[in-house]
Number of protein chains: 2
Amino acid sequence: MVGEEPRAMRRRPTQDRSRATVERILDAGRSVLLERGFEGASTNRIAAAAGVGPGSLYQYFPDKEAILDRVVERAVDDLEARITRAFLGSLRAGDDAVRGHLEALLDALVAEADLVRVLSQDRPRTVGRRRVGFARRIDALVAGALLAEHPDAGDVPVDAVAWMLVRTVEHVTISWVLEAPDVGREAMLDELTALVGGYLRRRWG
Amino acid sequence: MVGEEPRAMRRRPTQDRSRATVERILDAGRSVLLERGFEGASTNRIAAAAGVGPGSLYQYFPDKEAILDRVVERAVDDLEARITRAFLGSLRAGDDAVRGHLEALLDALVAEADLVRVLSQDRPRTVGRRRVGFARRIDALVAGALLAEHPDAGDVPVDAVAWMLVRTVEHVTISWVLEAPDVGREAMLDELTALVGGYLRRRWG
DNA sequence: CGCTGACACGAGTCCTCGGTCGTGTTCAAC
DNA sequence: GTTGAACACGACCGAGGACTCGTGTCAGCG
């Protein structure tokens, strides 16, 4: 259950040339991942896409997993930053606050729909671990926001509330992006706002 | 976006012996899948687990995907039956109804936790397709139940409500089963009941 | 029994994959 | 310019995968 250390680089790139190589490998890894999923992200394919010999991958990474791990780490970090920014940047009051958060989050997911698709559909162990870390940080963020807005926590189990809200919002929005269901964007946002807003109001009067 | 026909069997088993072989193959496929995930579910492994030559698989199935497709289909059908039964079998009134449904669903998921884990974590295309069909049928079931209980639909977008509720409940319960978070079963059920119950009451007075 | 098609077997084929290593090239320090 | 380390290359290796096919066994029918 504990996350292992990310495997260190085999050799630390010191010259400009090699730093550029590592960069090309990671960029290529990202494109290949987005285009063909984890299934199709073979080392040879990544090397070819990077315009690099297969052996060059192993100058800097100990194995394939380390490459994809780094690629996913970068992508998830970007996505997390985007979401955190959206979340913090949409602070209004009451129902408006909820809807603002949701709109911002949805925009972030739509903007990275390909990444969301790959990360949600294929899912090797490495992604699982990243997702857990990601989710835990968002849990904490939301719990903090709840406490800030309602310091009179009383008997409300804030952590449980935050945990549940995060799963709810995460999956409803992601499902909407991936499934493209017969539910319009506004209708979905209306209902989700009602769901979350009603719940919060109920818990805190 | 359209589901393909499930590949037909290569030869239809006519004797008892061969029907038993097919059965052993599917059972073995299920065990291997649950124990080693999609990654480790190789044809050789399934054949070995079934006590059957690798070639015998291809007497009845055109390729590996067809085998796993059938295995997943069976498992999902079982799970769906379990959930549908739980859902229909827990009809009470008001908040009690909501909580009853949730408890029943949670029990069904816990009972099949291994399957839920495999189906949620690895996810080749074949599972994706099955999941969509599954989810759509549950959507319809819930929408029907909502309409039955509140024939005065008024301006409530019942389909959108059902769609959202299904995603919400699905993911919160599955996450709880898989993550084993710091949230007790009762606390989770309390909060989820409050979330769903409050929302329904708000939408229908 | 004898015959025929259904069935089972498993060594073997071909392929792709992750990863190595010997060789050649470029860079930087002197 | 020379030298040695950093870097890049890509043919190659062993493992394991899906799937085939020649051979042999078994069940049912005349």
Side-chain angles (χ1 to χ4, degrees), chain A residues 4 6-29 31-33 35-72 122 124-127, chain B residues 6-29 32-33 35-72 122 124-127:
Chain A
E4 299 112 39
R7 264 152 301 289
M9 285 200 165
R10 190 171 278 192
R11 185 207 305 259
R12 201 158 282 266
T14 63
Q15 305 177 2
D16 282 357
R17 180 168 52 132
S18 56
R19 266 188 295 271
T21 300
V22 170
E23 216 53 36
R24 299 221 318 280
I25 291 171
L26 291 177
D27 285 353
S31 334
V32 172
L33 186 60
E35 276 163 32
R36 333 220 2 170
F38 280 92
E39 182 98 16
S42 73
T43 53
N44 293 340
R45 207 116 60 187
I46 293 175
V52 142
S56 296
L57 301 187
Y58 298 92
Q59 290 275 343
Y60 307 103
F61 299 94
D63 54 25
K64 177 190 174 179
E65 193 185 346
I67 301 173
L68 287 179
D69 208 40
R70 190 84 187 79
V71 168
V72 169
D122 311 318
R125 219 162 307 289
T126 168
V127 175
Chain B
R7 263 153 302 288
M9 284 202 167
R10 189 172 279 194
R11 186 208 305 259
R12 200 158 284 265
T14 62
Q15 306 177 0
D16 282 357
R17 180 166 55 130
S18 56
R19 265 189 295 271
T21 299
V22 170
E23 216 53 36
R24 298 220 322 278
I25 291 171
L26 291 176
D27 285 352
V32 172
L33 185 61
E35 276 164 31
R36 332 217 8 167
F38 280 92
E39 181 98 17
S42 73
T43 52
N44 292 341
R45 207 116 62 187
I46 293 175
V52 142
S56 296
L57 301 188
Y58 297 91
Q59 289 275 342
Y60 307 103
F61 299 95
D63 54 25
K64 177 189 172 179
E65 193 186 345
I67 300 173
L68 288 179
D69 208 41
R70 190 84 187 79
V71 168
V72 169
D122 311 318
R125 217 162 308 289
T126 167
V127 176

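Order of the sequence lines fixes the chain letters, A, B, ..., with proteins taken first and strands second; residue numbering starts at 1 for each chain.
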Are the side chains of [X] and [Y] in touch, meaning some heavy atoms are under 4.5 Å apart?
X: F61(A); Y: L26(A); value: yes
X: F38(B); Y: V72(B); value: yes
X: L57(B); Y: I67(B); value: yes

Q | Residue whose nearest DNA chain D nucleotide is more 5′ - T43(B) or R17(B) | A | T43(B)
Q. For DNA chain D, whose closest nucleotide is more 5', that of N44(B) or that of Q15(B)?
A. N44(B)
Starting at [atom1] of [X] and ending at [atom2] of [N], how long is that distance when rounded to a whole Å?
X: F38(B); N: dG17(D); atom1: CZ; atom2: C1'; value: 17 Å
X: L68(B); N: dG17(D); atom1: CG; atom2: P; value: 13 Å
X: D63(A); N: dA15(D); atom1: CG; atom2: P; value: 18 Å
X: I46(B); N: dC9(C); atom1: CD1; atom2: P; value: 16 Å
X: D16(B); N: dC26(D); atom1: CG; atom2: C1'; value: 13 Å
X: L57(A); N: dC21(C); atom1: CG; atom2: C1'; value: 15 Å
X: R11(A); N: dA5(D); atom1: CZ; atom2: P; value: 11 Å
X: R19(B); N: dC7(C); atom1: CZ; atom2: C1'; value: 13 Å

Q: Look at all strands and tell whether R45(A) reaches a base, only sugar-phosphate, or nothing, counting heavy atoms closer than 4.0 Å.
A: sugar-phosphate
When you measure from the side-chain N and O atoms of [X] to the phosphate of [N], is any distance below 4.0 Å, counting only OP1 and OP2?
X: T21(A); N: dA8(D); value: yes
X: T14(A); N: dA28(C); value: no
X: R10(A); N: dT20(C); value: yes
X: Y60(B); N: dA8(C); value: yes
X: Y58(A); N: dT20(C); value: no

Among [options], the nucleotide that comes nearest once only the side chain of [X] is considered:
X: P54(B); options: dG10(C), dA27(D), dA8(D); result: dG10(C)
X: K64(A); options: dC9(D), dG19(C), dC7(C); result: dG19(C)
X: S56(A); options: dC7(D), dA8(C), dC9(D); result: dC9(D)
X: S42(A); options: dA8(D), dC7(C), dG18(C); result: dG18(C)

Q. CD of E39(A): more than 12 outside heavy atoms within 6.0 angstrom?
A. no
Q: Could you pick out which residue, A41(A) or Q59(A), lies toward the 5' side of DNA chain C when each is mapped onto its nearest nucleotide?
A: A41(A)
Q: Report the C-alpha separation of D27(B) and R24(B) in whole Å, then their side-chain angles, then the decisive distance to 0.1 Å, and conclude whether the salt bridge (Lys or Arg N to Asp or Glu O under 4.0 Å) test is met.
A: CA-CA 5 Å; D27(B) 285 352; R24(B) 298 220 322 278; over 6 Å; no
(Q) Looking at Q59(A), is its backbone amide N or carbonyl O close enough to the side chain of R10(A) to form a donor-acceptor pair, meaning the two atoms are under 3.5 Å apart? (A) no
